[in-house]
2 protein chains.
Amino acid sequence: MGRNRATLADVARRAGLSKTAASMVLNGREGTRLSAEAHQRVFAAAEELGYRPNLAARSLRTRKTATIAFVSDIVATTRFAGDLIRGALDAARERDHVLLITETQGDATFEQYAIEAVLDRQVDGVIYAAMATRRLTVPAAILGGPVVLLNATSPDGLPSVVPDDEGAGRSVATALLELGHRDTIALIGRNRLKEDDPEVSLAARARLHGIRQTLDEAKVGLLAECFCTEWLPEHGYAAMRSLLSKPKRPSAIICMNDRLAFGAYQALGEAGLTVPEDISVISFDDDPIAAWLRPSLATTALPHEQMGRRAVELLLDGGAAEPSLVPMPLRRRRSLAPPAG
Amino acid sequence: MGRNRATLADVARRAGLSKTAASMVLNGREGTRLSAEAHQRVFAAAEELGYRPNLAARSLRTRKTATIAFVSDIVATTRFAGDLIRGALDAARERDHVLLITETQGDATFEQYAIEAVLDRQVDGVIYAAMATRRLTVPAAILGGPVVLLNATSPDGLPSVVPDDEGAGRSVATALLELGHRDTIALIGRNRLKEDDPEVSLAARARLHGIRQTLDEAKVGLLAECFCTEWLPEHGYAAMRSLLSKPKRPSAIICMNDRLAFGAYQALGEAGLTVPEDISVISFDDDPIAAWLRPSLATTALPHEQMGRRAVELLLDGGAAEPSLVPMPLRRRRSLAPPAG
DNA sequence: ATGCTCTGCTAAATCAGTTTAGCGACCACT
DNA sequence: AGTGGTCGCTAAACTGATTTAGCAGAGCAT
């Protein structure tokens with residue numbers, strides 16, 4: 001890779017100047033007293049030789065690599081990882097940086113390896129990302145340099161970027177209230193583990209809190225709350241069926257995520273009920289299936305791309321110490337209607 | 001990042017030896033005549049100081065960075081990117097390498113930037129990945145070093161890794177034939193553009209060819225073929241509706257991907273038909289929705305993780321020049337049954 | 001003529017490793 | 001005594017950049 005690249009010495013020689021001069025000119029150093037003509041010659045030489053600096057050599061001296069480590073627990077299992085990475089990639093490119101990606105798979109050995117691998121490469125900073133919003137403790141090894149937590153917070157008070165799940169909860173509840181739904185709203189996806197253990201999830205508690213707060217203010221209570229051991233379609237399906245077996249049918253359903261909502265749709269379809277005429281459905285995440293469902297599913301979007309971008313900005317440009325909350329926009333789609341009758 | 005790291009000179013000093021000796025011992029060089037005792041002292045010193053070599057310095061001399069560039073057109077828009085990356089990440093870690101990720105977004109300027117950024121960092125090789133299997137021409141700039149195409153082929157005959165879509169086509173057709181389906185099989189997802197332009201897709205043509213070949217051998221013809229401008233749920237929905245409006249109802253449907261199949265399910269549900277009792281459905285990709293659908297959707301899986309892994313192996317360990325075909329395993333699920341009646 | 005400042009530039013050190021060339025001590029052999 | 005070989009190790013060059021310290025010459029004042 002990159003054999004026969006011209007070096008700074010080549011450029012200097014061709015320009016008839018010293019390496020020092022060439023270096024200063026190419027780096028646009030202020031306050032040097034090199035003549036305009038010297039500038040010209042260096043630029044011309046660099047151009048003609050197609051000179052590109054060897055960043056390994058540069059970073060040896062400057063201790064800057066223009067490289068950021070993106071360390072995450074799991075990149076593959078959720079389709080959101082891509083967006084997180086893409087946002088970070090974009091922001092990094094704008095700042096002439098590049099991303100070194102590693103994955104820990106939640107395994108301590110792998111994590112150790114990942115951290116060492118990036119530190120050995122002298123990265124300028126680390127983005128430590130979690131795929132589910134949660135609290136975690138970062139390995140001591142990376143605390144030697146700049147760190148930003150992405151989709152996570154830590155007890156150490158490190159800068160962090162998380163989605164505004166509580167705000168999303170409020171948006172969801174408000175949307176239903178505005179349509180006129182009152183005491184016939186049911187909730188699918190309560191989960192003690194997710195709600196009570198911040199190391200498992202921060203989203204569940206925050207979403208629930210946002211919903212409750214808004215409904216309380218409107219003096220509205222939930223018709224029913226279904227607990228689900230996981231937030232997967234099959235659990236949404238089961239929850240919806242149990243809701244439909246009860247005497248009082250809800251006019252609207254809030255699902256804690258889109259996969260639950262997908263399951264709920266399946267149960268509704270089997271029961272011969274129509275969304276949104278019979279029942280409105282609203283949810284969280286904006287998984288691609290939300291737009292593919294018939295009717296399309298209203299949901300609040302996890303702003304992963306924004307978050308990835310924000311993390312890089314925080315890392316390179318500096319910023320607030322308190323967690324940076326990224327808003328979750330409400331996607332109004334066809335699954336919402338006023339209550340029937 | 002990484003201030004106060006012990007250097008090789010520190011280790012050497014502590015061991016009472018020269019840098020040369022320390023370097024040779026730590027690199028496990030054969031044929032050096034350093035005493036066993038010297039080895040001990042160096043290892044002990046390195047251990048005590050927590051020595052880790054500075055890879056920037058090393059690579060300046062050796063021109064090896066133990067870093068691979070992963071350049072792709074689009075990482076985010078498809079949820080498969082994560083798997084491709086994860087497979088590559090795993091294989092890279094096993095070989096003590098790390099991945100530098102950049103994205104071109106299909107834009108020539110960004111591509112130029114991405115290529116320069118990675119070449120400047122002296123990567124040991126480049127994995128050039130496409131998110132849809134297709135033919136492409138790689139930028140001349142990266143031809144200076146090892147390159148492997150991932151999910152793509154090129155006219156230059158570069159080593160490449162692609163899924164065996166034709167084999168998948170055969171598996172799909174065979175599965176239906178084995179169940180007893182004959183001349184009542186319909187196909188959803190024909191698409192001239194994808195089939196005829198290898199720069200758009202290689203999958204469409206290969207899948208179709210695999211299906212046709214297998215059916216021809218069994219002297220079976222397709223009942224109907226629906227063209228779709230895109231492979232999205234709404235197009236699958238429309239295609240399925242049009243199929244159902246015809247006099248002769250198919251006993252099985254092959255969809256060119258899972259998203260089309262998802263749309264087909266929706267149309268079947270609305271028409272009051274049951275999968276697989278009334279109609280079997282089988283498809284390609286193994287998108288997560290395939291497992292979430294009710295009944296779960298039989299499909300052939302795009303082996304993205306395997307492919308990512310294979311690309312790294314090819315790049316670092318060398319290998320075959322002809323395209324490396326990765327098999328697409330058939331996931332037998334609930335959407336298959338013998339034809340009714 | 002001397003000293004001073006300013007201009008325009010460069011030699012050499014430095015970063016942290018790897019690698020080449022070779023040194024001194026010891027032994028064996030003729 | 002001289003020669004050659006092996007053993008165990010090191011000095012110094014080298015990678016390609018940045019950065020520090022400083023030099024030669026011109027212009028000007030004293």
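Numbered from 1 within each chain, the chains take letters A, B, ... in sequence-line order.
- Legend: residues meeting side chain to side chain contact (heavy atoms under 4.5 Å, CB included) with B/Pro139, ordered by chain and number and at least two apart, are B/Glu111, B/Ile115, B/Tyr128, B/Ile142.
- A salt bridge is absent between A/Arg309 and A/Glu305; no separation between the charged side-chain nitrogens and carboxylate oxygens falls under 4.0 Å.
- Contacts of B/Ser23 with the nucleic acid, taken as non-hydrogen atoms under 4.0 Å apart, include base atoms.
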Using a 4.0 Å heavy-atom cut-off to protein, can you give one letter per nucleotide of nucleotides 3-12 of chain D, 5' to 3': B if the base is in contact, S if only the sugar-phosphate is, - if neither? ----BBSBBB
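- In this structure, B/Asp10 places its CG atom 9 Å from P of C/dA16, rounding to the nearest Å.
- A/Leu8 has its CG atom 14 Å from the P atom of D/dT15, to the nearest Å.
- Not counting sequence neighbours, the partners of A/Asp90 by the side chain to side chain donor-acceptor pair (under 3.5 Å) test are A/Arg93, B/Gln105.
- In the helix from C/dA1-D/dT30 to C/dT30-D/dA1, the terminal helix axes, each the rotation mapping four pairs' C1' atoms onto the next four within five end pairs, subtend 90°, rounded to 10°.
- Between A/Arg121 and the choices B/Thr65, B/Asn54, B/Thr67, the side chain to side chain donor-acceptor pair (under 3.5 Å) rule is met once, by B/Thr67.
- Taking A/Thr104 as the reference, nothing meets the side chain to side chain donor-acceptor pair (under 3.5 Å) condition, with sequence neighbours excluded.
- A heavy-atom distance below 4.0 Å to DNA chain C is reached by these residues of residues 47-60 of chain A, ordered by number: A/Leu60.
- With sequence neighbours left out, the side chain to side chain donor-acceptor pair (under 3.5 Å) criterion links A/Thr109 to A/Asp107.
- Residues meeting the salt bridge (charged side-chain N to carboxylate O under 4.0 Å, His left out) test with B/Asp10, sequence neighbours left out: B/Arg13.
- Taking side-chain N and O atoms only, B/Arg5 has no distance below 4.0 Å to OP1 or OP2 of C/dA16.
- One can find a donor-acceptor pair under 3.5 Å joining the base of C/dT18 and the side-chain atoms of B/Arg61.
- Here A/Asp317 pairs with A/Arg95 under the salt bridge (charged side-chain N to carboxylate O under 4.0 Å, His left out) rule; sequence neighbours left out.
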Just distance, no hydrogens or angles: give the donor-acceptor pairs under 3.5 Å from side chains in residues 14-26 of chain B, sequence neighbours left out.
unit_1, atom_1, unit_2, atom_2, d
B/Arg14, NE, B/Glu48, OE1, 2.6
B/Arg14, NH2, B/Glu48, OE1, 2.8
B/Ser18, OG, B/Thr20, N, 3.4
B/Ser18, OG, B/Ala21, N, 3.1
B/Ser23, OG, B/Asn27, ND2, 3.4

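- Counting only residues at least two apart or on different chains, the salt bridge (Lys or Arg N to Asp or Glu O under 4.0 Å) pairs with a member in residues 130-156 of chain B are B/Asp73-B/Arg134.
- Residues forming a side chain to side chain contact (heavy atoms under 4.5 Å, CB included) with A/Arg52 (at least two apart in sequence, or on another chain): A/Arg5, B/Glu116, B/Asp120.
- Atom-to-atom, CG of A/Asn27 to P of D/dT20 comes out at 13 Å; the value is rounded to the nearest Å.
- In this entry the distance linking CG of B/Leu26 with P of C/dA16 reads 16 Å, nearest Å.
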